[in-house]
Amino acid sequence: MRWIVLEGPDCVGKSTIIRELSKILQEQGYKVYITSEPSDSPIGKIIRGWLLREKVDPPHIYALLFTSDRYYHYHNIVKKMLENGYIVLQERYKLSTLVYQSQMGVDEKWIEELNKYVPDPDIMIVLDADIQVLKTRLESRTRRELFESDISMLCKIRQKYLEVARRMRLPIVNAARDLSDVVRDVYEIVSKLL
Ligand code: TYD
């Protein structure tokens with residue numbers, strides 16, 4: 001089973017890196033499945049259509065809904081694709097809830113408890129970029145979601161990702177470089193699984 005998750009703040013380039021990585025793996029003959037959270041499940045649709053459009057209180061609702069979407073998505077999609085021999089490349093997973101919802105004031109221990117019954121992926125990589133780079137990329141976006149509305153939140157999210165990644169000894173890749181360099185570094189980490 002090969003399940004790779006890319007994490008990191010908004011605008012760091014997760015989906016671009018996943019697309020490039022997928023091309024490389026497919027050229028090598030691997031079957032690749034790309035997915036992300038929030039997913040396309042009915043719960044994911046509630047998240048995108050409601051939670052990410054307005055501020056909802058208390059923030060525990062975010063932790064609960066993102067985590068419900070995760071349980072659905074893992075058991076109904078990811079697990080099956082892995083069993084069918086696909087390499088699953090996924091954007092966001094447990095760490096997103098830990099980082100974003102703890103920044104909203106939700107207790108980390110409770111978030112970890114909620115996420116106890118979905119497994120960890122084989123590899124988790126955190127993409128990072130200087131706050132100035134993230135800010136420039138954010139400002140060029142026309143449509144913005146809840147957490148993309150202010151720079152101070154983006155800054156806190158980035159710091160929290162770095163803190164959690166160091167604590168969990170996860171690889172951190174600097175994504176504020178040429179795309180080919182970032183992809184090369186991510187591929188190097190992933191290739192250990194192949
Ligand atoms: P994102 O991957 O940025 O979606 P898009 O492809 O539309 O840019 O995810 C949407 C937002 O949801 C992002 O700001 C992070 C947030 N989020 C959480 O707050 N908690 C979570 O558990 C997840 C999965 C995402």
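Both ligands and their constituent atoms are indexed starting at 1 by order of listing. Values reported hereafter were calculated over all heavy atoms of this structure, with side chains retained and with hydrogens, waters and symmetry mates removed.
- Only the side chain of Leu52 comes within 4.0 Å of ligand 1, judged by heavy-atom distances.
- The protein non-hydrogen atom at the shortest distance from atom 20 (N) of ligand 1 is Gln101 OE1, 2.8 Å.
- Nearest to atom 9 (O) of ligand 1 by heavy atom, out of Met104, Arg141, Gln103, Arg92, is Arg92.
- Between the side chains of Asp69 and Tyr74, no donor-acceptor pair of N or O atoms lies under 3.5 Å.
- Considering only non-hydrogen protein atoms, atom 25 (C) of ligand 1 sits nearest to Phe66 CE2, 3.4 Å.
- Of all protein heavy atoms, the one lying nearest to atom 22 (O) of ligand 1 is Thr97 OG1, 2.6 Å.
- Close to ligand 1: Pro38, with a non-hydrogen atom less than 4.0 angstrom away.
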Determine, step by step, whether Val5 and Ile125 satisfy the side chain to side chain contact (heavy atoms under 4.5 Å, CB included) criterion, reporting the C-alpha distance in whole Å, the side-chain angles of both residues, the deciding distance to 0.1 Å, and the verdict.
CA-CA 6 Å; Val5 170; Ile125 299 170; over 6 Å; no
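- Across Glu20, Glu27, Gln26, a single residue satisfies side-chain hydrogen bond (donor to acceptor under 3.5 Å, both in side chains) together with Lys23, and that is Glu20.
- No more than 12 heavy atoms of other residues, nucleotides or ligands lie within 6.0 Å of CG in Asp40, so this atom counts as exposed by the packing criterion.
- Residues Arg92 and Thr97 bring no donor and acceptor atom of their side chains to less than 3.5 Å of each other.
- In terms of protein heavy atoms, atom 10 (C) of ligand 1 is closest to Glu145 OE1, 3.3 Å.
- Of the heavy atoms in Arg48, only side-chain atoms (C-beta onward) come closer than 4.0 Å to ligand 1.
- Close contacts of ligand 1 with Arg70, meaning ligand atoms under 4.0 Å from a residue heavy atom, involve 22 (O), 24 (C).
- With a heavy-atom cut-off of 4.0 Å, Asp10 touches ligand 1 through its side chain alone.
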Evaluate the side chain to side chain contact (heavy atoms under 4.5 Å, CB included) criterion for residues Leu21 and Val32: first the C-alpha distance (whole Å), next the side-chain angles of each, then the deciding distance (0.1 Å), finally the verdict.
CA-CA 10 Å; Leu21 186 61; Val32 179; over 6 Å; no
Check the pair Trp3 / Tyr93 against ring pair (Phe, Tyr, Trp, His ring centres under 6.0 Å), numbers first and verdict last.
CA-CA 11 Å; Trp3 180 18; Tyr93 192 51; 5.0 Å; yes
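- Residue Glu91 approaches ligand 1 through these ligand atoms, each under 4.0 Å from one of its heavy atoms: 2 (O).
- A donor-acceptor pair shorter than 3.5 Å can be found between the side chains of Ser96 and Tyr161.
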